[in-house]
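Hydrogens, waters and symmetry mates are skipped; everything else that's a heavy atom, side chains included, is used. Fair warning: this is a prediction, and the values are worked out from it, not measured in the lab. Every chain is numbered from 1, with letters handed out A, B, ... down the list of sequences.
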2 protein chains.
Amino acid sequence: MASSREPGTAPRSRPETSSGRHASGDSPAAASAGARPTSRDVARHADVSQATVSLVLGGKWEGRVSPRTAENVRSAARALGYRPNLAARSLRLGRTRTALLVVPALTHDYFARVHTGASRVAAEHDFGVVLYPSPEGTGPAVDPFGSARAALDGVIASSMAPDALAALRDGGQLPLVMLDSDPEADRSPATVNLDIADGMHQAAAHLLELGHVHIAHLAAAVDSWTFGMRARALHEAVAGTAGAVVRTERCALSVEDALRAATRILETRPRPTALVCDDDLLAAGACKAARRLGLRVPEDLSVTGFDDLSLATALEPELTTVRLPAEEVGAEGMRALLAVLDGRRARTPVLPVELVRRGSTASPPAHRT
Amino acid sequence: MASSREPGTAPRSRPETSSGRHASGDSPAAASAGARPTSRDVARHADVSQATVSLVLGGKWEGRVSPRTAENVRSAARALGYRPNLAARSLRLGRTRTALLVVPALTHDYFARVHTGASRVAAEHDFGVVLYPSPEGTGPAVDPFGSARAALDGVIASSMAPDALAALRDGGQLPLVMLDSDPEADRSPATVNLDIADGMHQAAAHLLELGHVHIAHLAAAVDSWTFGMRARALHEAVAGTAGAVVRTERCALSVEDALRAATRILETRPRPTALVCDDDLLAAGACKAARRLGLRVPEDLSVTGFDDLSLATALEPELTTVRLPAEEVGAEGMRALLAVLDGRRARTPVLPVELVRRGSTASPPAHRT
DNA sequence: CTGAAAGCGCTTACAG
DNA sequence: CTGAAAGCGCTTACAG
């Protein structure tokens, strides 16, 4: 429509200006036929140059473009429904304002919440987050770039195994922020951690206070920092209490396997009166095992979880568990990445965690009247 | 290293070839100093033109480039660790080989499985899938492009409300595939559906066979096709059986709200002997409610779920529920999108679902001896 | 069988 | 206060 004097179109005196168009049809010389409008179209409509459009829409116009012109540009953009071509911008800038969030699985809502937190902070900085559930779980992540398909400025990886870290760094020299991972790892980049040890200490202290002495640890057979730490912390805590013992049983990170492992534990004598589980999923399996053996939770057996997934309150009784501030982890991870990208030193906080006491723990049978 | 005769560098006789470099440092005129290698660098190393590199690496060389040259190019690319710049490719091609998968939430592993299926098919076609959990749940999706940050070829949206569909289409004229949605919706694009009605019929038939007559429906208070269908199908099924009645209670899609709603249902007389839940999450709430009221599942109350989330088997007893082939839904959704993108007519299958009988259903009390 | 050139849509010095 | 030009790294007709 309308006022096109077409200022931006003039010079371009190369030979094949018209035969050079090998793109999809319909544009002999002019503008927005139905294709997506470009900044040039906006410029034409506002009767300014493409540079002015870029300045105005990029928010860098003050002192350089008159307010009137700026307003013209904005309304032209609105009228045309202009949205910048991200590919072109990325190519020009060499940056994409996009981070990849690599997580081992999406079956935990823990990771969904990490994503929420990261996205929130990202949005505040006009960044985007692309979620990439690693097909290998906590294992080595296969070239996320092929799969995630976005051009990336950086990577945030949560709870991945050490090898996974290595593979990620190879796939490009991208800045990397690790979440819930070994802070001492080789060439460790920024790390955002949870005070896992304190969480386990709280759980153990709670059980010991209740009077439990025979404690079992249902440990996740996953080679990652976070689970190693859980095991160490539990043993530390119990070792400090005279007469208390821990026995460990390992199992895969699934309800089914936890059910089997918990059954093994509960069939040995003396039967533990409390089961500390590395994860709420495992605690769910433990509760199933108890029920099948005719044991009541928490009267005959106390069970604790870890993570405070939504599963924890879907069960009856609800799980006593360690709540991890998942959203905050994601948010801090994104802040750390932003800092690295800015060349600033990233904070590498250790976030506090909290034991949530619910219905799955109580004093052991012997202690009650 | 080494053999650079630098063929691709010659002409370019514009004035400010050197002052024109406003990018980040270190490249006075030559090549791969430490920055990411480009196709030009590969061309230099292989002593060919950039065009040849593109042809070879793009797999379009046969009959146009000699096998020897092709091999040279490939090894140069390998040696340099070349990976094409996706932004540049997208800009040139106008396509990104990336699809956005919009889901209402990540707390269900149903959606995680949809993603898995979609990614698998996508990978077979050198496509990527970016997952976008809509901040508004099933409600209108806010410009996913701003947030997802990828340049997109198409959108796959699962179980979204009708309004959400509209908003998505506005945000660009992208091809759209709807999953688990009203096939009759206005200007409906390709749709991949589940035979939700049949699933609910199976659940109802199972309960009726067991002898249940007083049935309650714990319905999700979510305005979407899939839940509307669940309600209609249940009423249909029960209407066909003399003497059977359904009473409906609606609640939000959470365990907590389901617990409250189920409690209301179970406190009315005559008390239903079976509770049909729209979702496994709701069924979990129903089981909690039963237990708190001193009712045993399934002896006093049968409960059925829907979806077969991992939650279904985390509970004890495990839930009788309708299993949805989530991965297959994702896979078919991606196939449909690929078809649309190819200008082919998309299949719009209705995938079969299956009732899985587990421990949460049994004959009603009156029927047992 | 291979190379030179154009152009995708942006942003940013630079020159008025 | 504004415009003309270059160039990010690709791919693809086109011309040898």
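- Residues of residues 52-61 of chain B having a heavy atom closer than 4.0 Å to DNA chain D, listed by number: S54(B), K60(B).
- Within 4.0 Å of S90(A), counting heavy atoms only, lies no atom of the nucleic acid at all.
- Judged as a salt bridge (charged side-chain N to carboxylate O under 4.0 Å, His left out), the pairs with a partner in residues 63-73 of chain A (not counting sequence neighbours) are, in order, E71(A)-R74(A), E71(A)-R78(A).
- Side-chain atoms of R92(B) lie closest to dT12(D) of the nucleotides dG3(D), dC10(C), dT12(D).
- Nearest nucleotide to the R89(A) side chain, out of dT2(D), dA6(C), dT11(C): dT11(C).
- Residues that satisfy the side-chain hydrogen bond (donor to acceptor under 3.5 Å, both in side chains) test with S66(A), not counting sequence neighbours, are T69(A).
- Residues satisfying the side-chain hydrogen bond (donor to acceptor under 3.5 Å, both in side chains) criterion with R95(B), sequence neighbours excluded, are absent altogether.
- For L93(A), whose side chain is taken as the heavy atoms from C-beta onward, the closest listed nucleotide among dG3(C), dT12(C), dC10(D) is dT12(C).
- Residues meeting the side-chain hydrogen bond (donor to acceptor under 3.5 Å, both in side chains) test with R120(B), sequence neighbours left out: E327(B).
- Within the structure, a side-chain polar atom (N or O) of S39(B) is placed less than 4.0 Å from OP1 or OP2 of dC10(D).
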- Task: Applying side-chain contact (heavy atoms from CB on, under 4.5 Å), run through V121(A) and L338(A) and close with a yes or a no.
- Result: CA-CA 10 Å; V121(A) 170; L338(A) 255 10; 4.1 Å; yes
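- Residues meeting the side chain to side chain contact (heavy atoms under 4.5 Å, CB included) test with A122(B), sequence neighbours left out: F127(B), V129(B), M334(B).
- Under the side-chain hydrogen bond (donor to acceptor under 3.5 Å, both in side chains) criterion, T348(B) pairs with no residue at all, not counting sequence neighbours.
- Under the rule for a side chain to side chain contact (heavy atoms under 4.5 Å, CB included), the partners of A76(B) that lie at least two apart in sequence or sit in another chain are V42(B), H45(B), A46(B).
- Atom C1' of nucleotide dC8(D) and atom CD of Q50(A) are separated by 14 Å, given to the nearest angstrom.
- Rounded to whole angstrom, the span from the CG atom of N72(A) across to the P atom of dC1(D) amounts to 15 Å.
- In this structure, CG of N85(B) is placed 21 Å from P of dG7(C), rounded to the nearest angstrom.
- For R64(A), counting side-chain heavy atoms from C-beta on, the closest listed nucleotide (dC10(D), dT12(D), dT2(D)) is dT2(D).
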- Query: Please walk me through it: do T96(B) and D153(B) pass side chain to side chain donor-acceptor pair (under 3.5 Å)?
  - Reply: CA-CA 6 Å; T96(B) 57; D153(B) 283 350; 3.1 Å; yes
- Query: Would you write out the dot-bracket form of DNA chain D, 5' to 3', with Watson-Crick and G-U pairs under 3.5 Å, [ ] for crossing pairs, | for pairs to other strands and . for unpaired bases?
  - Reply: |||.||||||||.|||
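- Between the CG atom of L91(A) and the C1' atom of dT11(D) there is a distance of 13 Å, rounded to whole Å.
- Proximity note for A51(A) (side chain, C-beta onward) versus dA4(D), dC10(C), dT2(C): the nearest is dA4(D).
- Using a 4.0 Å cut-off, no side-chain N or O of T38(B) falls inside it from OP1 or OP2 of dC8(D).
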